[in-house]
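Both ligands and their constituent atoms are indexed starting at 1 by order of listing. Values in this document were obtained by computation on a predicted structure and should not be read as measured data.
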Amino acid sequence: MSKSRRKVVLITGASSGIGLACAELLGAQGHAVHGTSRHPAKDGAHHRMRVLDVTDDAAVRRVVEGVLAEEGRIDVVVNSAGFVLAGAVEDVSVEEAWRQMDTNFFGVLRMCKAVLPVMRAQRSGLIINISSMGGAAGLPFQGLYSASKFALEGLTESLRQEVAAFGIEATLLQPGDVRTRVREYRVRAGRSGPGSAYHEVFEKVLALVEAGEGEGVPPEQVARKVLMLVEGQRVDVRYSVGHLSQRVALLSKRLLPARTFEHIVMAVHGLSRR
Ligand SMILES: NC(=O)c1ccc[n+]([C@@H]2O[C@H](COP(=O)([O-])OP(=O)(O)OC[C@H]3O[C@@H](n4cnc5c(N)ncnc54)[C@H](OP(=O)(O)O)[C@@H]3O)[C@@H](O)[C@H]2O)c1
């Protein structure tokens with residue numbers, strides 16, 4: 001790859017899943033990739049790893065300064081760090097909800113605020129925010145996760161319009177089920193145990209969700225979409241990635257009456273009205 005096309009890319013949550021697949025693919029394509037994890041991690045064959053907890057303001061600023069000091073610029077940020085909080089809305093404590101938002105939403109906000117001055121000075125840059133199909137449709141028993149991704153969608157839509165004049169682009173990726181460590185990292189609300197009024201149905205829904213994730217597309221499929229955006233010319237507002245059935249389901253939200261769409265989502269999760 002010619003030096004002029006080699007992009008400097010910073011990827012959060014690059015120790016696993018989608019972030020790792022992006023780091024490996026973009027690095028192998030000759031881009032200068034800096035991935036992050038909360039824990040010290042070995043560099044990949046073609047990418048560096050840095051320690052970062054996206055809930056730490058100062059750490060986010062330090063990582064951006066570190067990449068800038070080494071590379072002289074930052075062309076692309078992929079915000080992939082995130083986890084899923086599962087539990088009925090009634091069972092989620094405000095503290096648990098806060099932790100979900102702190103990583104999935106405020107983590108992205110922190111990174112955007114740290115990197116935007118750099119991109120404005122360069123008069124170019126691309127921010128790719130990994131949302132979810134749960135950022136387009138509220139998912140039962142993942143209400144706070146959906147809330148964090150809906151918030152990310154609104155933030156990114158607004159940001160795009162503000163930074164366009166500086167030559168900066170921002171976009172959203174909405175993966176459906178992807179085979180990653182998302183199940184391992186999922187946090188269950190403390191009150192979702194046997195004492196919960198929702199316990200039985202919650203466990204049934206979660207089993208269905210986890211089975212779906214196990215049959216999800218490989219994270220490399222999301223990474224290929226990210227590569228296309230990094231190396232392409234024009235960047236749209238959002239892209240869905242995943243099984244065709246899930247992408248069609250997303251499209252149907254725009255076409256069907258809201259209650260009909262909701263009925264389908266409930267049926268897919270084995271839920272029905274009284
Ligand atoms: N898998 C799916 O089906 C799916 C579907 C739609 C959207 N997504 C989204 O895709 C993104 C990546 O998820 P994944 O499926 O690839 O999950 P994953 O395999 O569990 O990876 C999550 C990554 O996020 C990092 N992370 C978690 N909390 C962090 C924090 N506070 N600060 C910094 N890094 C943190 C983890 O790194 P360390 O633990 O090493 O810090 C890990 O690298 C998430 O935003 C998720 O919501 C996933």
Side-chain angles (χ1 to χ4, degrees), residues 10-25 33-44 47 49-60 62-64 77-86 96 98-111 114 127-137 139 142 144-153 155-156 172-187 206 208-223 225-226 238-243 246-247 249-250:
L10 174 56
I11 303 174
T12 68
S15 64
S16 165
I18 293 170
L20 174 60
C22 290
E24 287 179 339
L25 181 63
V33 177
H34 295 254
T36 75
S37 162
R38 283 168 296 182
H39 317 287
K42 274 214 280 189
D43 292 342
H47 69 271
M49 284 298 285
R50 293 169 177 273
V51 175
L52 173 65
D53 185 333
V54 298
T55 66
D56 180 339
D57 282 303
V60 171
R62 272 199 306 277
V63 160
V64 168
V77 170
V78 181
N79 284 304
S80 190
F83 73 95
V84 181
L85 170 63
E96 288 168 330
W98 169 254
R99 284 197 288 276
Q100 175 75 106
M101 298 301 286
D102 203 12
T103 297
N104 290 16
F105 175 71
F106 288 108
V108 177
L109 176 63
R110 287 183 188 96
M111 183 53 76
I127 296 173
I128 300 173
N129 290 335
I130 308 296
S131 175
S132 166
M133 290 196 181
L139 303 175
Q142 299 187 70
L144 270 301
Y145 175 71
S146 274
S148 72
K149 297 295 188 180
F150 268 69
L152 185 58
E153 296 263 336
L155 178 89
T156 310
L172 290 152
L173 237 64
Q174 296 177 326
D177 286 328
V178 186
R179 282 196 311 274
T180 66
R181 290 167 69 188
V182 68
R183 280 182 289 180
E184 246 172 87
Y185 284 134
R186 178 175 278 108
V187 173
L206 203 58
L208 279 174
V209 168
E210 295 195 339
E213 286 162 355
E215 289 165 13
V217 300
E220 290 72 22
Q221 190 166 321
V222 185
K225 194 77 169 184
V226 168
R238 62 172 58 76
Y239 301 85
S240 61
V241 201
H243 288 306
Q246 295 188 320
R247 291 162 57 204
L250 263 196

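- Distances from ligand 1 to the non-hydrogen atoms of Asp177 include at least one value under 4.0 Å.
- Atom 6 (C) of ligand 1 has as its closest protein heavy atom Pro175 O, 3.3 Å.
- The contact set between ligand 1 and Leu52, taken as ligand atoms under 4.0 Å from a residue heavy atom, comprises 32 (N), 33 (C).
- Per-residue contacts place Ile18 under 4.0 angstrom from the following atoms of ligand 1 (heavy atoms of the residue considered): 10 (O), 16 (O), 48 (C).
- Counting only N and O atoms by type, the side chains of Ser148 and Gln100 include no donor and acceptor under 3.5 Å apart.
- Under the 4.5 Å side-chain criterion, counting only non-hydrogen atoms from C-beta, Arg110 is not in contact with Val54.
- Of the options Met133, Arg110, Lys149, the smallest heavy-atom separation from atom 45 (O) of ligand 1 is shown by Lys149.
- Note: no N/O pair closer than 3.5 Å links Glu213 and ligand 1 by distance alone.
- At under 3.5 Å, not a single nitrogen or oxygen of Thr36, backbone or side chain, sits near a nitrogen or oxygen of ligand 1.
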Self-check item: Intermediate values then yes/no, side chain to side chain contact (heavy atoms under 4.5 Å, CB included), Arg186 and Leu206
Solution: CA-CA 10 Å; Arg186 178 175 278 108; Leu206 203 58; 3.8 Å; yes

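- Looking only at heavy atoms of the protein, atom 34 (N) of ligand 1 is closest to Ala81 CB, 3.3 Å.
- Counting heavy atoms from C-beta outward, Val241 and Gln221 have side chains that approach closer than 4.5 Å.
- For ligand 1, the atoms sitting less than 4.0 Å from at least one non-hydrogen atom of Ala14 are 43 (O), numbered in the order shown with element in parentheses.
- With contacts defined as side-chain heavy-atom distances shorter than 4.5 Å, the pair Leu173/Tyr239 qualifies.
- Scanning the protein for heavy atoms near atom 42 (C) of ligand 1, the closest one is Ser15 OG, 3.5 Å.
- Taking 4.5 Å as the limit, some side-chain heavy atom of Arg238 sits within range of a side-chain heavy atom of Glu153.
- Nearest non-hydrogen protein atom to atom 20 (O) of ligand 1 is Tyr185 CD1, 2.8 Å.
- Residue contacts with ligand 1: Val178 is placed with a nitrogen or oxygen under 3.5 Å of a nitrogen or oxygen of the ligand (distance criterion only).
- In Pro219, neither the side chain nor the backbone holds a heavy atom less than 4.0 Å from any atom of ligand 1.
- Within the listing of ligand 1, atoms 16 (O), 19 (O) sit less than 4.0 angstrom from a heavy atom of Gly17.
- Side-chain atoms of His47 do not come within 3.5 Å of backbone N or O of Cys22 as any donor-acceptor pair.
- By the 4.5 Å heavy-atom criterion applied to side chains, Val78 and Met111 are not counted as neighbours.
- Atom 39 (O) of ligand 1 has Arg38 NH2, 2.7 Å as its closest protein atom, hydrogens excluded (heavy atom only).
- Those atoms of ligand 1 that come under 4.0 Å of a heavy atom in His39, given as number and element, are 40 (O).
- Below 4.0 Å from some heavy atom of Ser37 lie the following atoms of ligand 1, by number and element: 38 (P), 40 (O), 41 (O).
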Quiz prompt | Verdict with supporting geometry, Phe105 and Phe150, side chain to side chain contact (heavy atoms under 4.5 Å, CB included) | solution = CA-CA 9 Å; Phe105 175 71; Phe150 268 69; over 6 Å; no

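- For atom 5 (C) of ligand 1, the candidate residues are Ala59, Gly212, Gly176, Ser132; the nearest heavy-atom contact is made by Gly176.
- Proximity to Tyr145 (heavy-atom distance under 4.0 Å) selects the following atoms of ligand 1: 6 (C), 7 (C), 8 (N), 9 (C), 46 (C), 47 (O).
- Scanning the protein heavy atoms around atom 7 (C) of ligand 1, the nearest turns out to be Ser131 O, 3.1 Å.
- Shown here for Ala114 and Val60, the closest heavy-atom pair between the two residues is CB-CG1, 4.0 Å.
- Remark: minimum distance from atom 22 (C) of ligand 1 to any protein heavy atom is reached at Gly82 O, 3.6 Å.
- Judged by the shortest distance from any of its heavy atoms, Gly107 lies outside the 4.0 Å radius around the atoms of ligand 1.
- Under a 3.5 Å cut-off, the side chain of Asn104 and the backbone N or O of Phe83 do form a donor-acceptor pair.
- Atom 19 (O) of ligand 1 has as its closest protein heavy atom Ser16 OG, 2.5 Å.
- Of the possible donor and acceptor atoms, none in the side chain of Thr36 sits under 3.5 Å from a partner among the backbone N and O of Val51.
- In this structure the side chain of Leu20 never reaches within 4.5 angstrom of the side chain of Pro219, judged on heavy atoms.
- Distances between N or O atoms of Gly13 and those of ligand 1 include at least one value under 3.5 Å.
- If you run side chain to side chain contact (heavy atoms under 4.5 Å, CB included) between Val84 and each of Leu139, Leu144, Val182, Val209, only Val182 comes through.
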